[in-house]
Structures are given as structure tokens and as C-alpha cells.
Amino acid sequence: MSARAIDGNALSRHLRHEVSQRAATLREHGITPGLAVILVGENPASQVYVRNKVKACHDSGLHSVLEHYPAAMTEAELLARVQALNADPAIHGILVQLPLPPHIDAHRVIETIAPHKDVDGFHVASAGALMVGQPGFKPCTPYGCMKMLESIGYDPKGKHAVVIGRSNIVGKPMAMLLLQANATVTVCHSATPDLALHTRQADIVVAAVGKRNVLTADMVKPGAVVIDVGMNRDDHGKLCGDVDYAGVAKVAGWITPVPGGVGPMTITMLLMNTLESAERLVG
Ligand code: GUN
């Protein structure tokens, strides 16, 4: 078997077109969806990420502001900025780029974001809402993975999904979303004794570890859907995921490539969450 690739770039283009159309409708009601992005310090990767987020907003007709502060900013100053943005009616989404400098408590900062503006879906209130099936913002990467399944017409109901990784940002919310979609979900992690035992039984595998070749062809059931959330560099400095793409593509039914898979979907779902936050204002 040779897997079909799920094209995250094409799906992103399609969804971003939908975002710009819905944003145009909102503008007719006098509302321009607005995202505030806060970056503290000079982390080069973070600078690239936030630039891409701000550019994506502009390209889709969303308002966005980037607030870039020196690494010496105090936690109290950052909390005051978040509180000011909570009260700013032009801002519907607030994103504080992580990691933050070590003298700032990231958890305290995230918990200061008003849950109705938490478009990253990192607030405990957002995680709790997801856990109990109440409306709230879904974290962008797992939300994007669910959209990728939807795009190929794949219904997780009655399927066995194995999530590799248990981070608060990807693994745990991914498991919750798959459970909500009526899959039977297994979460594997660094202390799982025999990972392959689980993945070989899976109809859906989501690899979200941050390590190359976590999933190889011998670990995959023929025809399975494989979603690769990893972003790593190979020995030649080339971007690669957690999955041995060349090998697994010979066995799986569907597979997401890296680059061009989950990556572009994360920013797309951030736009979608910001749009939906603004749409809630008009019902
Ligand atoms: N750092 C790396 N990815 C993310 C993300 O999705 N959101 C935030 N806030 N920080 C990040």
C-alpha cells in the first residue's frame, strides 16, 4: 500500500479563505476580529513564529498587534499588559508566545488571560471546558489535526486512536478531541513499555513527541491514518517530523507530511479561534 498525503497547505488555504469571508461579514457588523500577540525576549524561533502569526492575520483580513518587550520585562508588567488587553474591545484573542523568560511564571500569565480571549486554548478554563464537552477554545494544533481527519471524510467513531505524547498543548487535548469524536483512545508516552504493541492496533496514530523516527513502518497497521505533529531537524538540518515518512507511507492509508502537514494548520486554527471569538459578540 502507498499512503495518500493529507495536504496541510491546501487545507489551510481553503480554511483561511473561509476565515477571510467570515471576517468580511463581521466587518459589515462593524467588528474586525483582532488578535494581540505578546513576545517577551529575543528567542529567534519565537520571533519567526509570531511574525508568521501576525502576517497570517493580515492576509486573512484580521486586525493584529504585536507587542514585543525586552527579556528584562517583569512579570508584574506583563500581567498588567494582559489585563489591559482583556479590557480592550478591539482585541478578541490574546496570545502570549511561549517560552517566556525564566523569571516569569508562564502558568500565572496564561491564567490571567480572560478565558473568552484565550485563542491558544491554554487556560485551565479552556482545558476544563474541553474535558467536560462545554464550548471553549480548542488548542490550535489538535484542533487542526481533527480538521485534517474531517477533510478526508474520516469519522473517528468506533476507531482505535493512539496518541503518542501527553503534553498539555497537544497530546492531552488531542486525546480529548478524539474521545469526543467517539474514538477509543490510548495515550502512550515515554514510560509506555511497548509502544509498538499499541500502535499496531491503531486505526489512527497521532505522533506528538518531538523526536525523530518515533513511529516506523513495522509499528503501523496497514491502512491506518498517521498524523505527524513533530517538528525536528534531520542530520542534514532538514525539517522532519516524528514519523519515518518514507517507511510508514508504504504501510499507512493516509499520512501527513512534514513540512506541509500539521504545521500550517496550527496558525490556521489560531485565525479560526480569533474569528470565532469575535463572532460570539454578534451571536
Ligand atoms: N510556542 C510554541 N508554540 C506556541 C503556541 O502555539 N502558542 C504559544 N502561545 N506559544 C507557543
Side-chain angles (χ1 to χ4, degrees), residues 8 12 15-16 34-57 62 64-69 71 73 75 78-79 81-82 85-86 91-102 104-127 130 136-148 165-174 176-177 206 208-211 227-233 239 241-242 258-259 261-277:
S12 277
L15 290 171
R16 288 185 196 196
L35 173 72
V37 179
I38 299 182
L39 173 64
V40 184
E42 307 301 326
N43 182 314
S46 291
Q47 293 190 48
V48 173
Y49 291 144
V50 298
R51 262 205 308 273
N52 289 342
K53 289 170 187 177
V54 169
K55 181 179 181 305
C57 280
L62 272 56
S64 85
V65 287
L66 171 60
E67 299 191 5
H68 188 180
Y69 297 107
M73 181 187 217
E75 184 178 296
L78 178 54
L79 294 179
R81 272 316 301 151
V82 170
L85 291 165
N86 283 343
I91 295 301
H92 306 94
I94 301 169
L95 182 151
V96 179
Q97 186 67 23
L98 303 177
L100 286 166
I104 298 179
D105 180 346
H107 179 73
R108 192 172 296 148
V109 174
I110 289 165
E111 292 310 298
T112 302
I113 297 172
H116 68 282
K117 297 192 179 188
D118 173 39
V119 288
D120 252 335
F122 292 174
H123 196 289
V124 166
S126 304
L130 180 58
F137 292 112
K138 303 174 190 75
C140 301
T141 300
Y143 190 12
C145 294
M146 294 304 287
K147 283 282 176 194
M148 294 181 102
R166 53 174 158 176
S167 70
N168 290 335
I169 293 175
V170 184
K172 286 185 210 166
M174 188 75 237
M176 283 300 142
L177 288 169
V206 181
V209 176
K211 215 170 85 186
I227 298 183
D228 190 351
V229 179
M231 286 259 256
N232 312 299
R233 297 271 167 194
L239 198 63
D242 289 354
V258 178
V262 174
M265 292 298 293
T266 298
I267 294 187
T268 299
M269 301 327 292
L270 173 68
L271 302 177
M272 193 64 89
N273 277 347
T274 305
L275 171 79
E276 285 173 4
S277 177

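Order of listing sets the numbers, starting from 1, for every ligand and every atom in it. Along the sequence shown, residues are numbered consecutively beginning with 1.
K117 and F137 make their closest contact through N-CE1, 4.3 Å (heavy atoms, listed as atom of the first residue, atom of the second, distance). Nearest approach of V109 to L78, heavy atoms of both residues: CG2-CD2, 3.8 Å.
Near V96, with a cut-off below 4.0 Å to any heavy atom, the atoms of ligand 1 are 8 (C), 9 (N). In summary, the atoms of ligand 1 found under 4.0 Å from a heavy atom of L95, numbered by their order in the structure, are 9 (N).
Geometrically, ligand 1 and F122 share no nitrogen or oxygen pair separated by less than 3.5 Å. On a distance-only criterion, L98 and ligand 1 share at least one N/O pair closer than 3.5 Å. At a 3.5 angstrom cut-off on N or O pairs, Q97 counts as close to ligand 1.
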Legend entry - Residue pair I267, R16: steps toward the side chain to side chain contact (heavy atoms under 4.5 Å, CB included) verdict: CA-CA 10 Å; I267 294 187; R16 288 185 196 196; 3.6 Å; yes

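At least one side-chain heavy atom of H68 sits under 4.5 Å from a side-chain heavy atom of Q47. The side-chain heavy atoms of V37 and E67, taken from C-beta on, include no pair separated by under 4.5 Å.
Checked against I110 for a side chain to side chain contact (heavy atoms under 4.5 Å, CB included), the options D120, V124, L98, L100 give a single hit: L98.
Remark: distances from the non-hydrogen atoms of K53 to ligand 1 include one below 4.0 Å.
Nearest protein neighbour of atom 9 (N) of ligand 1, counting heavy atoms only, is D120 OD2, 2.6 Å.
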